Amino acid sequence: MAKDLISRKENYSQWYNELVMKADLAENSDVRGCMVIKPYGYSIWEKMQAALDKMFKDTGHVNAYFPLFIPKSFFSKEASHVEGFAKECAVVTHYRLKQNAEGKIVVDENAKLEEELIVRPTSETIIWNTYRNWIHSYRDLPLLINQWANVVRWEMRTRLFLRTAEFLWQEGHTAHATKEEAIVETRKMLDVYAEFAEKWLAIPVIKGVKTESERFAGAIDTYCIEGLMQDGKALQCGTSHFLGQNFAKAFDVKFTAKDGKQDFVWATSWGVSTRLMGALVMAHSDDNGLVLPPKLAPIQVVIVPIYKSDEEFEKVNNKAIIIKNKLLEKGISVKYDNRDTHKPGWKFAEYELKGVPVRVAIGPRDVDNSTYEVARRDTLEKKIYTEDNVIESIVALLDDIQENIYKKALKYRNENIHIVNNYDEFKNIINSETGGFVSAHWDGTAETEAKIKEETKATIRCIPFESNSESGVCVYSGKPSKQRVLFAKAY
RNA sequence: CGGGGUGUAGCGCAGUUGGCUAGCGUACCUGCUUUGGGAGCAGGGGGUCGCAGGUUCGAAUCCUGCCACCCCGACCA
């Protein structure tokens, strides 16, 4: 079998790479560090976009678009922000090419830009520079804007979806009259992300706050949702930042309040990226290929006809078209694969690899018996349904698959949060093959955090919102601690 | 940016002690037989052997330089 995958157990990261490519989600392009998102993969991203976009609109946000290029000077206005991104910025220095004496295309050195342009790694600076002109009064607030865009971060080592030089994302940027309102917004959008992760991606996530060293460059606080992949490594699935008045001060964005006093506005920003595609693959898929949650699957049901003769095809085809139309009427996305260039067995394997949640096979026997063979991708179970219940059964099955893969991921996640009370236990878990989260006491210092990272490669993924404060002693330093935090090796 | 490795058909590889027409699997095209879990047989197309120089009667093979990509580290969503 040509498309056989390596198993997860044998080599997890190779399994991931092969799967992304063989399932036609994306491939490496000839541009170093940049991927091509293929139609099947992009279709999943579009479904994610549609769901998120609706959630943003439902919470009062509107979309806009800001420039790809940012004047270099904008970056230097917020000190920690520039420090955070300086090392991975692509810079545009010239605006023209020319042919040299040998006829080769070269950069025209006479066309040097007076001020270099940075390809946005994130848009805070251009957006706050623009907001200065839009915000004058408390009546202009809150300003709740989202942008769907590409960004560039010049990465040394890249992996499809997880880390590429260019990626797609959305970034929300909001302005508020009060600190409290901005913090509420930051939390609200984190909740939107968590709901999206759990209801759509079917990935359970832990909400929490980042430590100072893991915080977004320029933020007062960074909130995050953390998911656990099947190899026991954590993946940040979304972040939401409370920016305080940092950017308002850097870009002089002031408003006049009801009482006539001037003040800087309070800001948030929040984003999720095509990295979620990687999360989706790594959270659910198996050694046979992708397992997609029905809510995000480009094709929810595939119908495969089985026949020998033209007469058999005729009968099978009629039956297939009828059920296809009935499923379409229920709002289900259906593909009827009646190509005669591939055999049924080939199609079965292909759609399993591509994670199509439900497969309906119709052959001569089904025509004779008024039945359908229905297979579900998550468990690979096959069942025979009859004419009178097949449609309702498939509708219910899609919901069941969505629910089932979430529950499976939740069970796995919960079984892999390990509460530890000393450093030996800590290292045992972190270094074990199964990995997972370690819930441990930490003394709150960046020094301890750095030492642990150096010695174990584990980082503090977040300080969970929901962990009850409980005093103890730091697993590393033995100093007093007020709360357990979550450690893990991470992507 | 440090350490290691690899460049030969779309993809995966063999050939590399200098030798004649560059090969295998897969994918692709044609035909026939097939079709309830990645079909079989027969025929066919596809290569400036990473690039540039050099040695030689003769270079994928030896020498020199360059380039690209991959893996392992440091940085990161």
Side-chain angles (χ1 to χ4, degrees), chain A residues 1-6 11 13-14 17-18 21-22 27-33 83-89 121-122 150-171 193 210 213-217 219 222 224-227 234-241 269-279 288-289 304-310 312-313 316 337-354 359-369 371-375 380 382 384 450 453-454 457 459 461 490-491:
Chain A
M1 288 191 285
K3 287 201 171 174
D4 246 6
L5 290 168
I6 195 167
N11 187 336
S13 69
Q14 193 181 338
N17 285 332
E18 284 184 10
M21 290 190 280
K22 288 180 176 172
E27 63 188 28
N28 284 308
S29 72
D30 284 344
V31 185
R32 186 215 290 255
E83 203 182 315
F85 287 103
K87 281 176 284 183
E88 49 188 27
C89 284
T122 180
N150 58 339
V151 287
V152 168
R153 296 180 188 177
W154 212 260
E155 298 291 349
M156 287 299 174
R157 290 189 61 194
T158 59
R159 287 191 70 193
L160 293 168
F161 290 122
L162 299 173
R163 184 166 300 110
T164 47
E166 179 190 15
F167 56 94
L168 306 183
W169 78 344
Q170 62 62 219
E171 45 182 326
Y193 288 155
K210 288 289 189 191
S213 42
E214 297 277 330
R215 189 181 291 160
F216 175 73
T222 289
C224 63
I225 51 172
E226 295 284 329
L235 182 82
Q236 179 175 297
C237 293
T239 51
S240 181
H241 315 289
S269 70
W270 28 274
V272 298
S273 72
T274 39
R275 198 179 211 204
L276 288 177
M277 295 287 294
N288 296 311
V304 178
I306 297 157
Y307 55 91
K308 291 194 177 106
S309 61
D310 285 352
E312 276 184 359
F313 174 73
V316 166
D337 188 351
N338 61 358
R339 291 178 296 173
D340 62 358
T341 51
H342 296 281
K343 291 178 57 174
W346 188 92
K347 293 176 186 172
F348 292 173
E350 180 71 6
Y351 293 110
E352 258 160 38
L353 180 66
K354 290 194 156 190
R359 180 187 73 227
V360 179
I362 303 172
R365 288 208 298 272
D366 297 302
V367 175
D368 293 342
N369 304 333
T371 55
Y372 301 87
E373 185 200 82
V374 177
L380 299 171
K382 285 188 239 185
I384 303 295
K453 182 178 178 182
E454 196 185 313
K457 305 251 193 287
T459 51
R461 301 322 303 153
Y491 278 99

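To find a chain, count down the sequence lines: A is the first, B the second, and so on, and within it residues start at 1. Note that this is a predicted model, so its numbers are computed, not measured.
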Participant: Under a 3.5 Å cut-off for both distances, is B:C49 Watson-Crick or wobble paired, and to whom?
Facilitator: none
Participant: Please determine, for B:U30, whether a Watson-Crick or G-U wobble partner exists with both distances under 3.5 Å, and give it or none.
Facilitator: B:A42
Participant: As a test of reading the structure: which of B:G36, B:G37, B:G38 is closest to the side chain of A:R359, going by heavy atoms?
Facilitator: B:G37
Participant: From C-beta outward on A:K453, which listed nucleotide comes closest to its side chain: B:G36, B:C76, B:G38?
Facilitator: B:C76
Participant: Name the nucleic acid region contacted by A:L162, choosing base, sugar-phosphate or nothing; use a 4.0 angstrom heavy-atom cut-off, strictly under.
Facilitator: base
Participant: Between the protein and nucleotides 30-35 of chain B, are there any N/O to N/O pairs under 3.5 Å, and if so, what are the atom names and distances?
Facilitator:
{"residue": "B:U35", "atom": "O2'", "partner": "A:Y307", "partner atom": "O", "Å": "3.1"}
{"residue": "B:U35", "atom": "O4", "partner": "A:K308", "partner atom": "O", "Å": "3.4"}

Participant: Partner of B:U17 by Watson-Crick or G-U wobble geometry, both contacts under 3.5 Å, or none?
Facilitator: none
Participant: Which of these nucleotides, B:G36, B:G37, B:C76, is closest to any side-chain atom of A:R163?
Facilitator: B:C76
Participant: Counting only Watson-Crick pairs (N1-N3 plus N6-O4 or O6-N4) and G-U wobbles (N1-O2, O6-N3), all under 3.5 Å, who is the partner of B:C69?
Facilitator: B:G5
Participant: Before accepting this row, confirm whether a basic side-chain N of the pair A:K343/A:E350 lies closer than 4.0 Å to the acidic partner's carboxylate O.
Facilitator: no
Participant: Does any donor atom in the side chain of A:R461 or A:T459 lie under 3.5 Å from an acceptor atom in the other side chain?
Facilitator: yes
Participant: Would you mind classifying the nucleic acid contact of A:N28 as base, sugar-phosphate or nothing, using non-hydrogen atoms under 4.0 angstrom?
Facilitator: nothing
Participant: So do the side chains of A:L235 and A:L162 get within less than 4.5 Å of each other, counting heavy atoms only?
Facilitator: yes
Participant: Of the options B:G37, B:G36, B:C69, whose atoms approach the side-chain atoms of A:R32 most closely?
Facilitator: B:C69
